[in-house]
Each structure stands twice: as structure tokens, then as C-alpha cells.
Amino acid sequence: MPDMDGRFEIVFKNCSRNCSGVCGHGMRMPLGEHSIASVADKACFVTDGNMPENFSRILERIFPKPGKKLFYRLPRSENAKNLAEIEKMCLFLYENGFSQNSVIIAAGGGAITDSAGFAASVYMRGIRWISVPTTFLGQIDAGIGGKTGVDLRLDGRICGKNIIGTFWQPAAIVLETEFLESLPPEELRSGAGELAKYAILMQTEEGRGLRKAIPGVLAGQPQALGLCVQICAAMKARIAARDERDIYGIREKLNLGHTAGHAFETMSGGRIPHGIAVAHGLKFAINLSKEKEIIPKETAAEMLDLISLLKLPTLELKEADFSRFSELISRDKKNRGAKNRFLLPKGFGQVEIEENILDSLLKKAYMGAISGA
Ligand SMILES: NC(=O)c1ccc[n+]([C@@H]2O[C@H](COP(=O)([O-])OP(=O)(O)OC[C@H]3O[C@@H](n4cnc5c(N)ncnc54)[C@H](O)[C@@H]3O)[C@@H](O)[C@H]2O)c1
């Protein structure tokens, strides 16, 4: 990883569109004088209404002179990931003369990069966008890799997470770790849920480094956050470049914990932060792997200890909610015709796919996953 003044560069090779990113602290024009943002005729900064005071100062420093600057606010968090909001945003772009020479700069958490990236992919059949993730979860995962999308809703309530979406690589990714200084503890904990996934997926020294960094991440220590962003962003970029469209089984492993996690998120009506739901989903996957005797007991215990570092809140779900859980996992978009399909950990750095698992085993794993700690 080349070091550039405390920054490193991520380059996506083999992707449908050229995409490069920079990661670091205190960036100034990170993508060069002739960056997309500078040459575009218009730039629309998309944020949510909850941004801290230092936000526009940092954005101003990173993007000092895009042609014409406009600002658009999406609703906060998961409420942004809504088709009706995308239509409103496209109307705003249209009324302001945005064309294929213009650029969208999505600056916010994963909900903003997912939804503004999705709008960029469908507006005029696709315009350029720059991903500027500002949460820890966004910088290690959501803002990288070009999966964009919104949730499916019925009567205003989420009934399917990320069901409407596209693959649309950002022209550039900016991972400015200074944004993370204003993150509240619950957002750091949520990001640590995805971090635990990376730590389980890595068998290497770097994976052990991630495990050790969890307490520092929860305490908001810049060094721990910066280290994790570097390691995870590089891994996500490598995987997305090798299997951009998620068809060769390489990118699929990044979904560890997500089948159950998305079900928990949907069942909470979007109240549980994504990373917390994923962390409970990881517990589910580890428990199920134990039930299926895929993972050695000591390794499962080591993984569960790692997750207990997150001090997860108990999910407000009961045994009686299992039938709804079972229905949601049977509709997972990755089932490929099976009744259910799960990625299960075999060991650190190793996963296995299991399909059509009996309800009795699923229920045991579910009961273990909904408890706290
Ligand atoms: N596309 C992908 O590959 C991918 C991967 C993982 C997750 N996701 C999606 O990402 C979303 C979750 O993202 P998230 O965890 O970033 O949550 P989020 O986008 O809901 O943001 C969480 C909160 O943090 C606030 N916030 C953002 N930046 C801040 C900052 N610098 N300081 C203070 N507050 C700040 C936001 O206003 C919001 O209230 C989910 O919708 C999930 O499905 C997508």
C-alpha cells in the first residue's frame, strides 16, 4: 500500500468503470487539479440534515472549486433509501439543469451513498458520482464497491432491504477520516459490527490487528479508526474489483451475517442500526455453524468473544417472532431458488455455503443471536 503523506490510494482494476480512491486525514484536492469535481459543469452535494458543524468546512477543503455548487438534503438514515425520495431528488437535478457533464457528490453515511449513488445510476441513464462516506461503517464498507440501492416499502414501512438497486461505480471515493471525529458512540458501535465481519473473514496478521483495534474504535481513537479504514477499505476494493457484480462467489463472502442481519433490521422497522443488526447476524451464523458442526467449538467461542467486545444491545425480539424471521430469510435475494441459504464460518478466513437448513436448527441459532452482549 503506497504511503502518500499519510494517505493511501485505492485503485479498482477490472471494474466496469475506472474508480480510484484516496484515504487519509486532512486532505486537499485529493484527486488532482483536473478531478471530476473540478471539470464538471455542476456539482450537487447530497447530504442529510443531521450533519455536524465542521462538515461543510471539510467538504469545502476537499472540493475547493467545482463549477456550480448545489446542495440537496435527503432525509436522515434509512428514510433516505426510498424510491419516492429518489424521484424528488431527480426532479431537483432536472430542474437545475443537471446533465451527463455534471456530478453528484454523496457525502454522508451508507444510507446517503447508497441512495445518492442509486439516483446517479438512474438519472439520465447514469451520471458520474463521487462517494464521500462520513461514517465509520461507510468508510470501511458501504461507500466502496458500487452497490447502490433503496429499500422496498409497503405502506411506508420497509418490507425488503436493498431490493431495488444497481451496480454503479463512483468515479472516485474519498475516505477523509477527519469526518469520523464527530461520530456518536452508537454509530462507532454500528460500524464495529461490520468491522467484526472483516476480522472473521481474515486469517492474517491484519485480521488480528482489526480484532485488537475494536476497543479503540468504540472509544473513537483516531489511530484505531484510521488503521481499520485502511485495512477494510483496501480489502473491499480488492474484492469488488475481482467480482464486481457478485457472480463468482468472491464478493458473496462480504455478506457474512447479512441474511439474518437484514431480517433483524427489517423486523425492527429500521430502528436497529445496520451494523448492530449485522453483528447479531454474525452471532446467528456462528451459532448455526456450531449446530451444523461446521466450525470447531473453540473457534466459535473465539468469534463470539470477539463480538462480545461490541457490547451489543439485546434485540427486542421474542421466540414468537421466529416465524417472521423465517419468512424473511426465505425471501432473501441471494437464495438462488433454495428455501434458505447461508454463509457459515468454518474458521477465521474460511466460509462455507449451506442451503435448506431445518427450522429446528435455525430456531436454536436465532435464540442465541437475539440475546445481547
Ligand atoms: N452499498 C453497500 O455495499 C453497503 C454495505 C454496507 C451497508 N450499506 C448500507 O449502509 C447503511 C448504513 O450506513 P451507516 O451505518 O453509515 O448509517 P447512516 O447512513 O444511517 O448514518 C447514520 C447516522 O450518522 C450520521 N452521520 C453521518 N456522518 C456523520 C458524521 N461524520 N458525524 C456525525 N454524524 C454523522 C447520519 O446523519 C445518520 O444519522 C444501510 O442502509 C446499509 O444497508 C451498504
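Start at 1 and go down the list; that is how both ligands and their atoms are numbered.
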Enumerate the atoms of ligand 1 whose separation from the nearest heavy atom of [X] is less than 4.0 angstrom.
X	result
Leu137	7 (C), 13 (O), 15 (O)
Glu78	40 (C), 41 (O)
Met51	27 (C), 37 (O)
Asp114	1 (N), 2 (C), 8 (N), 9 (C), 44 (C)
Glu194	6 (C)
Arg76	39 (O)

Any idea which part of [X] is under 4.0 Å from ligand 1, heavy-atom wise: side chain, backbone, both or neither?
X	result
Thr134	both
Ala111	both
Asn162	side chain
Thr113	neither
Glu186	neither

Tell me, do [X] and [Y] make a side-chain contact under 4.5 Å, heavy atoms counted?
X	Y	result
Phe63	Lys69	no
Asp332	Asn340	no
Arg17	Trp168	yes

My understanding is that we take every heavy atom of each candidate and find the minimum distance to [atom]. Doing that for [options], which one comes out nearest?
atom	options	value
atom 26 (N) of ligand 1	Asn79, Thr47, Thr135, Asn54	Thr135
atom 43 (O) of ligand 1	Lys161, Glu187, His262	Lys161
atom 3 (O) of ligand 1	Arg251, His258, Glu176, Lys236	Lys236
atom 2 (C) of ligand 1	Pro75, Ala80, Ala142, Pro184	Ala142

Check [Y] with [X], please: is the shortest side-chain N to carboxylate O separation under 4.0 Å?
X	Y	result
Lys88	Glu85	yes
Glu78	Arg153	no
Glu194	Lys236	no
Lys292	Glu352	no

Hydrophobic clusters here meaning ILVMFWY residues chained together by side-chain heavy-atom distances under 4.5 Å, can you tell me if [X] and [Y] are in one?
X	Y	result
Ile294	Ile357	yes
Trp129	Leu74	yes
Ile272	Phe322	yes
Ile173	Met235	yes

To which protein heavy atom is [atom] closest, and what is the distance rounded to 0.1 Å?
atom	result
atom 35 (C) of ligand 1	Leu183 CD2, 3.7 Å
atom 25 (C) of ligand 1	Asn50 ND2, 3.8 Å
atom 7 (C) of ligand 1	His274 NE2, 3.4 Å
atom 32 (N) of ligand 1	Ser182 OG, 2.8 Å

Yes or no on side chain to side chain donor-acceptor pair (under 3.5 Å) for Asp41 and Ser102, after CA distance, side-chain angles and deciding distance? CA-CA 5 Å; Asp41 64 344; Ser102 317; 2.8 Å; yes
Backbone or side chain, does any N or O of [X] fall under 3.5 Å from an N or O of ligand 1?
X	value
Ser190	no
Asp141	no
Phe55	no
Lys81	yes
Asp48	yes
Ser77	yes
Glu265	no
Gly110	yes

Determine, using ring centers only, whether Phe179 and Phe55 are less than 6.0 Å apart. yes
Centroid-to-centroid, Tyr72 to Phe98, below 6.0 Å? no
Test Lys147 against every option in Asp141, Asp243, Asp246 by the salt bridge (Lys or Arg N to Asp or Glu O under 4.0 Å) rule and name the one that passes. Asp246
Would you say Gly145 contacts ligand 1, with heavy atoms under 4.0 Å as the rule? no
Side-chain donor/acceptor of Ser190 to backbone N/O of Glu186, under 3.5 Å: no
